[in-house]
Novice: 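Sharing a structure below in structure tokens format, with a few things to ask.
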Amino acid sequence: MSNDQPDPGVEENHLIAERRAKLAQWRAAMPAYPNGFRRDALAADLAATYAERDGAWLEANPVRVHVGGRMMFKRVMGKASFAKLVDRSGALQLFLQTGTLGAAYEAFKGYDVGDILGAEGPLFRTRTGELSVRVERLQLLAKALRPLPDKWHGLADTETRYRQRYVDLLMSEQSRELFRTRTRIVRYLRDALDALDFLEVETPMMQPIPGGAAARPFITHHNALDQKMYLRIAPELYLKRLIVGGLERVYEINRNFRNEGLSTRHNPEFTMLELYWAYSDFRELMELIERLMRGLCDGLYGQRVLKYQGRDYDFGQPFRRVTVADLVCEHNPGIDRARLRDVAYLREQCAALGIACQGGDGAGKLQMEIFEKTAEHLLLDPTFVYAYPAEVSPLSRANDADPFLTDRFEFFVAGRELANGFSELNDPEDQAARFRAQVARHEAGDQEAMHYDGDYIRALEYGMPPTAGLGIGIDRLVMLLTDAASIRDVLLFPHLRPET
RNA sequence: GGGUCGGUAGCUCAGUCGGUAGAGCAGCGCCCUUUUAAGGCGUUGGUCGUGGGUUCGAGCCCCACCCGACCCA
């Protein structure tokens, strides 16, 4: 064991000591962690199968089951007891009597809530009609040395829920259900893309040149090659190489790493769906997102109006489509639309709004600053914002009618960016010029500016078909669809500062 | 980075004006053969986040720091 963190095992209290003493006694008598018990039924399956069967039927048609799970409830009433076992499907009640169990009943009285048990016996119904197992054989499969949180209040402390997710999960069916929903969402997206003949691929997580996004990377080192490597901030440039290679429709769902702060909407590693679609464009991507969002609503909840943090969101109506420039003017009535590309004018406006600008910022960057400060957080209903300036979109195709802009959009819900898509820049000479402009920004001190990726330019020089590309932030999508306030609620193991 | 709130028994939480640190659940002992937050009697358990300071005396007041939540940048 490493010495990087304090060993929580050394903090003993009398509750743990008592359980440890029980384990020692048990260990002396027989193998304490047996692996021979096999289940033949799950709680929810039994409840469903015998839902219509009453006590008399079960008496006349004995159903013998082997069930196992964690004991989450224990009630001893002298010579008879009840307990509840929880398995991955749900909970099932056990009924235990000294008459049928003998010495095993005395042993059961020493078991603790949290222990993992295996039980065997016939099903019956109690006086109140609850389906239960009349236990005839009982086995302790794994001793729980640590006591569980209060069974009524559960685990309320958010820090413990994040640091010890195993405790949160075993205590909270809601927490288990949220992570099942997360998996359903990802599976829906995979199924939908597979049906459109997209190919799921895997591209490097460790990259010699970090590309595809504006972000600070994590840096690591490859010893054998004596080479600096970066954890990827995006898979974009590799996926587009596959489009050059003729795969035409590809996607990847995997982790990106960005060396930035933590917040309710940011985790240093987060999951992104990126897809690239040859012979398509940004408008078809917007249509795809509308279809995917509706499909997710239908599939998960059977309705298209979802509640998020107390507000209703309607995904059944067509999503609003509006340009960056329109939103800047809509939320800043004092700004003169005719001067939206006047750098000196925009600087004045930024200063008036309290926005700090950098020396090399052009009109496009300044527009985005104003947009992010004044409009973005107000985009509650599903909205596509499009016509992003080329200056802030170094990988996007320029608009044919107005090359100041690109054929790019972002998708917002609840004031948050959920997706970013555009018609891809497939002109190798234009791309090389944009990389050079990024390098100049980097040398001027912008740590998020992109590197020049010579191999990517070489790939484009072989010819990339007209292509549309899309990234969807999976964690934020899951937040929206599960009504989670913090990204940490939808990550099994969110990053926290080290425990002290 | 700034602000607000929080950290007290295993868990959930009280703690008055600065004056011997509490409850419920869990645990332990006893009673109880159909319970549903079962019930009855008894009982163990504390580095009050950490370190300083003020005071005769600090869970409480002051300072710094650590961890978390929320808001802002």
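Protein chains get the first letters and strands the later ones, always in sequence-line order, with residue 1 at the start of each.
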Novice: With both distances kept under 3.5 Å, what pairs with B/G68, Watson-Crick or G-U wobble?
Specialist: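 Checking every strand shown, B/G68 finds its partner in B/C5, with both distances under 3.5 Å.
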Novice: If the cut-off is 4.0 Å, is A/Arg488 near the phosphate of B/A69, judged by side-chain N/O to OP1 or OP2?
Specialist: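 Yes, within the criterion.
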Novice: Taking the side chain of A/Ser486 as its heavy atoms from C-beta onward, which of B/C25, B/A37, B/C70 lies nearest to it?
Specialist: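 Ranking B/C25, B/A37, B/C70 by closest atom to the A/Ser486 side chain puts B/C70 first.
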Novice: In terms of the nearest nucleotide of RNA chain B, which residue is placed more toward the 5' end: A/Leu496 or A/Phe82?
Specialist: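 Of the two residues, A/Phe82 wins.
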Novice: Taking the six-membered ring for Trp, are A/Phe409 and A/Phe384 parallel (under 30°), tilted (30 to 60°) or perpendicular (over 60°)?
Specialist: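 Plane angle over 60°, so perpendicular.
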Novice: Is there, by distance only and without an angle test, a donor paired with an acceptor across the side chain of A/Asp157 and the base of B/G68 below 3.5 Å?
Specialist: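 Flag unset: no donor-acceptor pair detected.
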Novice: Please name the nucleotide paired to B/G51 by Watson-Crick or G-U wobble geometry with both distances under 3.5 Å, or report none.
Specialist: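 Partner of B/G51: B/C63.
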Novice: Classify A/Gly154 by what it touches in the nucleic acid, base, sugar-phosphate, or nothing, heavy-atom distance under 4.0 Å.
Specialist: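 Sugar-phosphate, backbone atoms only, no base.
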Novice: When the nearest nucleotide of RNA chain B is assigned to A/Val113 and to A/Tyr162 on a heavy-atom basis, which residue is associated with the more 5' position?
Specialist: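 Result: A/Val113.
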Novice: Less than 3.5 Å between a donor and an acceptor, one on the side chain of A/Glu130 and one on the base of B/U34, is that the case here?
Specialist: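 It does not, because no donor-acceptor pair links the side chain of A/Glu130 to the base of B/U34 below 3.5 Å.
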Novice: Do A/Thr98 and B/U33 share a donor-acceptor pair, side chain to base, under 3.5 Å?
Specialist: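 Side chain to base: no pair below 3.5 Å.
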Novice: Run the salt bridge (Lys or Arg N to Asp or Glu O under 4.0 Å) check on A/Asp361 and A/Arg347 step by step: do they pass?
Specialist: CA-CA 9 Å; A/Asp361 291 348; A/Arg347 277 187 182 286; 5.3 Å; no
Novice: List, with names and distances, any nitrogen or oxygen atoms from the protein found under 3.5 Å away from nitrogen or oxygen atoms belonging to nucleotides 71-73 of chain B.
Specialist:
none

Novice: By nearest atom, which of the nucleotides B/G68, B/G10, B/U12 is closest to the A/Arg497 side chain?
Specialist: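 That would be B/G68.
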Novice: Output one line per pair: protein atom, nucleotide atom from nucleotides 44-50 of chain B, and distance, for all N/O pairs under 3.5 Å.
Specialist:
unit_1: B/U44; atom_1: O2; unit_2: A/His14; atom_2: NE2; d: 3.3
unit_1: B/G45; atom_1: O2'; unit_2: A/His14; atom_2: ND1; d: 3.4

Novice: State, with a plain yes or no, whether a side-chain heavy atom of A/Met450 is found less than 4.5 Å away from one of A/Arg434.
Specialist: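 No, side chains not in contact.
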Novice: Looking at B/U34, B/A69, B/C11, which one has an atom nearest to any side-chain atom of A/Pro149?
Specialist: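 The answer is B/C11.
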